[in-house]
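Read the structure below first, then the notes.
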Amino acid sequence: MCAVFKATGDTGSRRRRPSTGMLTKVHHPVVNHPQLKFFLSWRDQLEIYFPAWKAVTQAGVAGAMTAYSSLCHDATNTTCARQYGRSLGIPMAANGELNNGWLRGRFGWDGHVGGDCGAVQFVQTDHGWVGSQAEAAAASLLGGTDFDCSISVGNGFAALVNATKLGLVSERDVDRAIERVLR
């Protein structure tokens, strides 16, 4: 089931932008767990999830949250696992094709994307997509995630300081994410 919702606040005579809605890539208790390695086909995205995403972005929702799961563009888990390593596809928090290409590009949405609690950390620890927390933070930031709900000290976006020192992201990359959150 796909649902679209938004909430607005009234600040006197000025109407605020709709609040953050949960615009997730796949968000269901059974599949929204990084260790389950849930496979979602590209066709499912195009036919089931994209119409709901587009509706939410057109409704003016200010923010979206990524799921823990990953997405594979292939029809089989075997091909995807071989192509991307241990993970069955690209972790949603680091998926630039979805966050930047579809949401911001094709749908023209200018909101912010937040990682579900631990999602950025899990890019390394559970998905095995990268080898360090600095790389997980960089991959997520460059993949379109603007902020992170970290669940442990030094992980997730807390590692952006190190990622910047290592040259994995620039200060401009960090500034762009901050600007989207503060809009």
For residues [X] and [Y], determine if any side-chain heavy atom of one lies less than 4.5 Å from a side-chain heavy atom of the other.
X    : Y    : answer
V174 : L141 : yes
V113 : F147 : no
Q58  : F107 : no
W109 : V61  : yes
L166 : E135 : no

Practice task
Enumerate the residue pairs fulfilling side chain to side chain donor-acceptor pair (under 3.5 Å) with a member in residues 153-165, sequence neighbours excluded, ordered by first and then second residue.
Solution key: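 For residues 153-165, and leaving out neighbouring residues, the side chain to side chain donor-acceptor pair (under 3.5 Å) pairs sorted by first residue read S152-N155.
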Exercise: identify the closest heavy-atom pair between [X] and [Y]:
X    : Y    : value
T145 : G114 : CG2-C, 4.1 Å
G156 : A137 : O-CB, 3.4 Å
G143 : N100 : C-ND2, 3.5 Å
C117 : F122 : O-CE1, 4.2 Å

With rounding to the nearest 0.5 angstrom, report the [atom1] to [atom2] distance, [X] to [Y].
X    : Y    : atom1 : atom2 : value
E179 : D110 : CD    : CG    : 12.0 Å
L142 : N99  : CG    : CG    : 11.5 Å
T57  : W102 : OG1   : CH2   : 11.5 Å
Q133 : F157 : CD    : CZ    : 11.0 Å
S140 : Q124 : OG    : CD    : 11.0 Å
L160 : L168 : CG    : CG    : 9.5 Å

Exercise for the section: Any pair with a residue in residues 137-162 that passes salt bridge (charged side-chain N to carboxylate O under 4.0 Å, His left out), sequence neighbours left out, goes on the list, sorted by first then second residue, please. Expected result: R104-D146, D146-R180
Exercise for the section: Answer with yes or no whether the hydrophobic clustering places V120 together with M65; edges join I, L, V, M, F, W, Y residues whose side-chain heavy atoms lie under 4.5 Å apart. Expected result: no
Exercise for the section: Please check if the side chain of D116 supplies one atom and the backbone of A119 the other of a donor-acceptor pair under 3.5 Å. Expected result: no
Problem - N/O donor-acceptor pair under 3.5 Å between H112 side chain and A62 backbone - result: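 Indeed, once roles are kept as given, a pair shorter than 3.5 Å links the two residues.
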Handout entry: Side-chain ion pair, E171 and R176, N-O less than 4.0 Å
Key =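 Between R176 and E171 there is no salt bridge, as every charged N stays at least 4.0 Å from the carboxylate O atoms.
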